[in-house]
Amino acid sequence: MKKMQLSTKILIGLAAGILAGILLQGSPDVANVWIKPFGTLFLNLIKMIIVPLVLASLIVGTCGLGDVKKLGRIGGKTIAYYLLTTAFAVILGLILANIFNVGAGYVLPSDVKAAEASKIPSVVDTLLNIIPTNPIKAAADGNMLQIIAFALILGSGVIALGDKGKPLFDFFDSLAEASYKITGGIMNFAPYAVFALITPVVAANGPKVLLPLLSVIVAVYIGCILHAALVYSSTLAIFAKFNPMKFFKGIFPAQAIAFTTCSSSATLPVNMKCTEGNLGVPKSISSFVLPLGATINMDGTALYQGICALFIANVYGLELTIAQQATIVLTATLASIGTAGVPGAGLIMLTMVLQTVGLPLEGLALVAGIDRILDMARTTVNITGDSACAIIIAASENELDRDCQIKHTYSA
Ligand code: ASP
């Protein structure tokens with residue numbers, strides 16, 4: 001019998017999970033106690049592998065680029081794509097929020113409490129923080145931006161050493177390969193994990209939670225679909241001459257993991273597998289572009305922040321001027337860069353956007369209840385953008401393997 005594709009199995013897991021969640025709506029505890037742990041097990045396995053995988057593959061990737069010039073060229077192109085697509089996402093969010101008139105007719109619940117103004121680090125602090133004073137601590141804390149900085153610096157050191165650096169290179173190469181094999185093994189559990197992760201979410205978020213904020217949910221989901229369809233499809237077709245349908249098919253397993261885990265970081269190992277194994281991006285490029293993207297490129301988050309800012313303005317009856325909306329584009333782009341790739345981080349960074357344009361922070365409490373539902377869509381877009389960028393960079397460097405076929409399983 002023909003082996004079923006992994007993405008088909010994941011899709012079945014997702015559909016079965018949604019169905020189970022609907023059936024268990026009256027008793028979410030059952031979902032939490034009996035089903036969720038299997039999802040948590042999968043998540044723990046993935047989280048376990050992220051730090052060694054990113055550290056080792058980025059060091060090997062840096063060494064593989066061979067010279068600082070190539071590193072600068074690829075880095076420049078990557079960051080330009082990330083910034084432009086993110087700014088576009090916020091603009092799209094604002095347009096949709098205006099069209100859907102999100103929040104109109106919404107009655108403020110009486111129990112909206114003042115949201116805690118979260119501590120927002122300044123831009124200077126954020127930049128200074130990129131260099132870890134203690135790389136071991138950065139790894140222990142899972143601070144991705146610091147790990148990336150350390151890996152790039154150590155990788156450059158290994159290149160500078162020449163022959164003497166060979167043992168260190170071999171060590172990290174071997175560590176990267178081992179982490180890679182482990183990821184392949186873990187991925188085969190993905191269909192069950194997707195089921196276990198989605199069931200409790202559906203069980204806990206009945207129609208009561210969702211209905212009042214339906215316009216926000218619809219705007220965010222349509223925005224995410226449009227952004228993927230317009231921006232990624234067209235840039236892939238134009239800059240990489242790459243078939244968008246093949247792209248979406250190849251990236252689907254990673255999207256399903258992003259949708260159910262709401263974490264770009266947790267999806268990174270799977271995204272690397274799909275982008276390399278299904279879409280033909282060489283490791284030297286994906287191991288640079290993807291970890292960076294999982295940390296700083298968040299188009300879905302930026303789009304969501306644009307929509308939510310307008311929603312909150314509407315609910316409080318405040319008109320936003322064009323200048324204020326332009327400010328939202330700028331701050332939401334910056335805020336999304338500062339957003340960590342973990343569940344709910346975008347909601348916290350929304351504070352920054354609201355504060356800059358003088359919107360009431362209490363508004364956060366309104367969207368907090370449905371944040372998980374919005375997070376699923378935005379995280380999916382976040383990781384899709386990273387993979388699209390990796391393909392475009394690989395094509396621009398003439399390093400894309402165009403004959404690469406979509407894999408049916410990822411067994412090691
Ligand atoms: N959960 C998102 C991510 O990991 C970040 C966010 O909350 O917007 O990409």
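Both ligands and their constituent atoms are indexed starting at 1 by order of listing. Computed from a prediction, not measured in an experiment: that's the story for all the values here.
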*Do me a favour and list the nearest non-hydrogen protein atom to atom 9 (O) of ligand 1 with residue, atom name and distance?*
Ser264 OG, 2.5 Å

_Close N or O approach (Met298, ligand 1; < 3.5 Å)_ = no

*Just which atoms of ligand 1 are under 4.0 Å from any heavy atom in Gly344?*
7 (O)

*Going by the atom numbers of ligand 1, which of them fall below 4.0 Å from some non-hydrogen atom of Asp375?*
1 (N), 2 (C), 6 (C), 7 (O)

*Any idea which part of Met349 is under 4.0 Å from ligand 1, heavy-atom wise: side chain, backbone, both or neither?*
neither

*Could you see which bit of Cys262 sits under 4.0 Å from ligand 1, with heavy atoms only: side chain, backbone, both or neither?*
backbone

*Which bit of Ala340 gets closer than 4.0 Å to ligand 1, counting heavy atoms only: side chain, backbone, both or neither?*
backbone

*If you draw a 6.0 Å radius around CZ in Phe169, do more than 12 non-hydrogen atoms from other residues or ligands fall strictly inside?*
yes

*Quickly, which of Cys274, Ser286, Ser287 forms a side-chain contact (heavy atoms from CB on, under 4.5 Å) with Val281? Name it, please.*
Ser286

_Quick check on Ala294 - does any of its heavy atoms sit under 4.0 Å from an atom of ligand 1?_
no

*For ligand 1, which atoms sit closer than 4.0 Å to a heavy atom of Ser263?*
4 (O)

*Should we say atom CD of Gln405 is surrounded by more than 12 heavy atoms from elsewhere, each under 6.0 Å from it?*
no

*asked:* Tell me whether Lys70 at atom NZ has more than 12 heavy atoms from other residues, nucleotides or ligands lying less than 6.0 Å away.
replied: yes

*asked:* Take a 6.0 Å sphere around NZ of Lys246 and say whether it holds more than 12 heavy atoms from other residues, nucleotides or ligands.
replied: yes

*asked:* Is it the case that atom CZ in Phe248 sees more than 12 heavy atoms from other parts of the structure closer than 6.0 Å?
replied: yes

*Considering only the protein, which heavy-atom contact is closest to atom 7 (O) of ligand 1, and what is its distance?*
Gly346 N, 2.7 Å

*Under 3.5 Å: N/O of Thr379 near N/O of ligand 1*: yes

_Salt bridge check, Asp371 against Arg378: does any charged N sit closer than 4.0 Å to a carboxylate O?_
yes

*Would you check whether Thr301 has a nitrogen or oxygen atom less than 3.5 angstrom from a nitrogen or oxygen atom of ligand 1?*
yes

*Based purely on interatomic distance, does Leu347 place a nitrogen or oxygen under 3.5 Å from a nitrogen or oxygen of ligand 1?*
no

_For a side-chain contact (heavy atoms from CB on, under 4.5 Å) check, start with the C-alpha distance between Gln325 and Thr321, then their side-chain angles and the critical distance, and finish with the verdict._
CA-CA 6 Å; Gln325 300 208 19; Thr321 60; over 6 Å; no

_Evaluate Gln146 against Ile131 for side-chain contact (heavy atoms from CB on, under 4.5 Å), listing each step before the verdict._
CA-CA 6 Å; Gln146 294 192 342; Ile131 306 294; over 6 Å; no

*Short list, please: which atoms of ligand 1 are under 4.0 Å from a heavy atom of Arg378?*
6 (C), 7 (O), 8 (O)

